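Treat the numbers as computed from the prediction; the structure is a model and nothing was measured.
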Amino acid sequence: MALLKFKRHDDSEYAPVNRQTAAFLKNYSLEVMPRTASKIDNFRTLLPSGTRVYIAHIEGTSIADMVVTARRLALDGFAVMPHFPARMIRDSRELEEWIKIYQSEAGVTQALLLAGSRAMPVGEFDNSMQMLETGLFDKAGFGCVHVAGHPEGNRDIDPGGGTAVIEDALQWKQKFSERTQADMAIVTQFIFNAEPVIEWANGLKRAGITLPIHIGVAGPAKLQTLIKFAVACGVGPSISVLQKRARDVSKLLLPFEPSDVVNRLAQHKADHPDSNIKQVHFFPLGGIEASARWAMKNGDFADQEPLSIA
């Protein structure tokens, strides 16, 4: 392991860090919700300048609350990417209204499109492809549109288990990006084991899906918290990493950190620079501050510039 010294936001030095991990954490992104973001006094003391912040739009959250959070983060100098959950949007008119209010109130030009967690749609949209087909994001000048990825499958999409429907959808999105030149990337559900997700990414590339992949990782949290979220979100085989740790009583009460999975992904990226795995996306299940401070401790952000890439 290479030991380096880097500077924090306050110019104090810290060490040691893993050189590969520090490089891989560059331009990481983070997900918040309006209610969790409201608990943070000052994001600028936690996140590097220009960090991309996704805003999760869960059922029961109003578009007004989403926009307030988006405006706050944008004014603080972050790249804001709100979720557009298809099954929560009634029709094209409402979709266009959301796009316009995000733009006019917060200057948003990026979006994560996904089906959403509702079992039944409230209106005409069931999936992200239908929203893309409206052409509204392109018309509004959204320069960056991300879509969801599920390395371990998703039974809401493929009820029988398997990944056939998910893979067909990613093929469609790859072709959409090619014919429209849309700036797209895949952002995955959080995982706890790097090896299966590396093989999944390699498989996508062999199948002609070359969209950049941002790997979802759970930030530091209590083991019980991670297991609860993993079960609720349908995380697949990699949950065994948590179950194995849970059997060790001495570790049960200690925070679980993403060091192993991030270090392995960083090593893979260093060994295979042409990999479609590009960066890390944090799900701060143990709190925004815990994830941000873990990233600050393990990364090098002294010269990070505002994002302008997928």
Are any side-chain N or O atoms of [X] and backbone N or O atoms of [Y], one a donor and one an acceptor, separated by less than 3.5 Å?
{"X": "Asn276", "Y": "Ala201", "result": "yes"}
{"X": "Asn127", "Y": "Gln130", "result": "yes"}
{"X": "Gln279", "Y": "Leu25", "result": "no"}
{"X": "Asp65", "Y": "Thr61", "result": "no"}
{"X": "Gln267", "Y": "Asn263", "result": "no"}
{"X": "Thr36", "Y": "Val32", "result": "no"}
{"X": "Glu167", "Y": "Ala207", "result": "no"}
{"X": "Arg87", "Y": "Asp126", "result": "yes"}
{"X": "His272", "Y": "His268", "result": "yes"}
{"X": "Thr188", "Y": "Gly216", "result": "yes"}

Which atoms form the tightest heavy-atom contact between [X] and [Y], and what is the distance?
{"X": "His83", "Y": "Ala56", "value": "ND1-CA, 3.4 Å"}
{"X": "Ala70", "Y": "Val80", "value": "O-CG2, 3.6 Å"}
{"X": "Glu289", "Y": "Leu46", "value": "CG-CD1, 3.7 Å"}
{"X": "Ala194", "Y": "Val261", "value": "N-CG2, 3.7 Å"}
{"X": "Ala148", "Y": "Leu170", "value": "O-CD2, 4.1 Å"}
{"X": "Pro258", "Y": "Phe282", "value": "CG-CE2, 4.3 Å"}

*asked:* Show me the pairs that pass ring pair (Phe, Tyr, Trp, His ring centres under 6.0 Å) and involve residues 101-125, at least two apart or across chains.
replied: Phe84-Tyr102
*Short side-chain donor-acceptor distance under 3.5 Å, Gln174 and Thr210*: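 Present: a donor and an acceptor within the cut-off.
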*Are a donor atom and an acceptor atom from the side chains of Thr21 and Asn298 found within less than 3.5 Å of each other?*
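Side-chain D/A pair, Thr21 to Asn298: absent.
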_Qualifying residues under side-chain hydrogen bond (donor to acceptor under 3.5 Å, both in side chains), relative to Glu105, sequence neighbours excluded_ =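 side-chain hydrogen bond (donor to acceptor under 3.5 Å, both in side chains) list for Glu105, sorted by chain: Arg71.
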*For Arg118, enumerate each residue passing the side-chain hydrogen bond (donor to acceptor under 3.5 Å, both in side chains) test, keeping only those at least two apart in sequence or located in another chain.*
Glu59
*Answer yes if the ring centres of Trp98 and His57 are under 6.0 angstrom apart, and no otherwise.*
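Centroid separation for Trp98 and His57: below 6.0 Å.
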*Report the residues that fulfil ring-ring contact (aromatic ring centres under 6.0 Å, His included) with His281, sequence neighbours left out, ordered by chain and then residue number.*
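With sequence neighbours excluded, His281 shows a ring-ring contact (aromatic ring centres under 6.0 Å, His included) to Tyr54, Phe283, given in chain and number order.
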*For Pro284, side chain to side chain contact (heavy atoms under 4.5 Å, CB included) partners two or more places apart*: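 Leu30, Glu31, Ile288, Ser291.
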*Using the test side chain to side chain contact (heavy atoms under 4.5 Å, CB included), find all partners of Ala270 that sit at least two apart in sequence or belong to another chain.*
Gln20
*Could you grab the distance from atom NE2 of His214 to atom CD1 of Ile186, nearest 0.5 Å is fine?*
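The distance works out to 9.5 Å.
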*asked:* Side-chain heavy atoms nearer than 4.5 Å, only ILVMFWY residues, links allowed to pass through others: does that put Leu114 and Leu136 together?
replied: no
Is any side-chain N of the basic residue among [X] and [Y] closer than 4.0 Å to the acidic one's carboxylate O?
{"X": "Glu199", "Y": "Arg206", "value": "yes"}
{"X": "Glu96", "Y": "Lys100", "value": "yes"}
{"X": "Arg264", "Y": "Glu195", "value": "yes"}

Tell me whether [X] at atom [atom1] has more than 12 heavy atoms from other residues, nucleotides or ligands lying less than 6.0 Å away.
{"X": "Asp41", "atom1": "CG", "result": "no"}
{"X": "Asp91", "atom1": "CG", "result": "yes"}
{"X": "Arg179", "atom1": "CZ", "result": "yes"}

*Would Leu265 and Ile215 satisfy side-chain contact (heavy atoms from CB on, under 4.5 Å), going step by step from the backbone distance to the final call?*
CA-CA 9 Å; Leu265 290 168; Ile215 303 297; 3.8 Å; yes
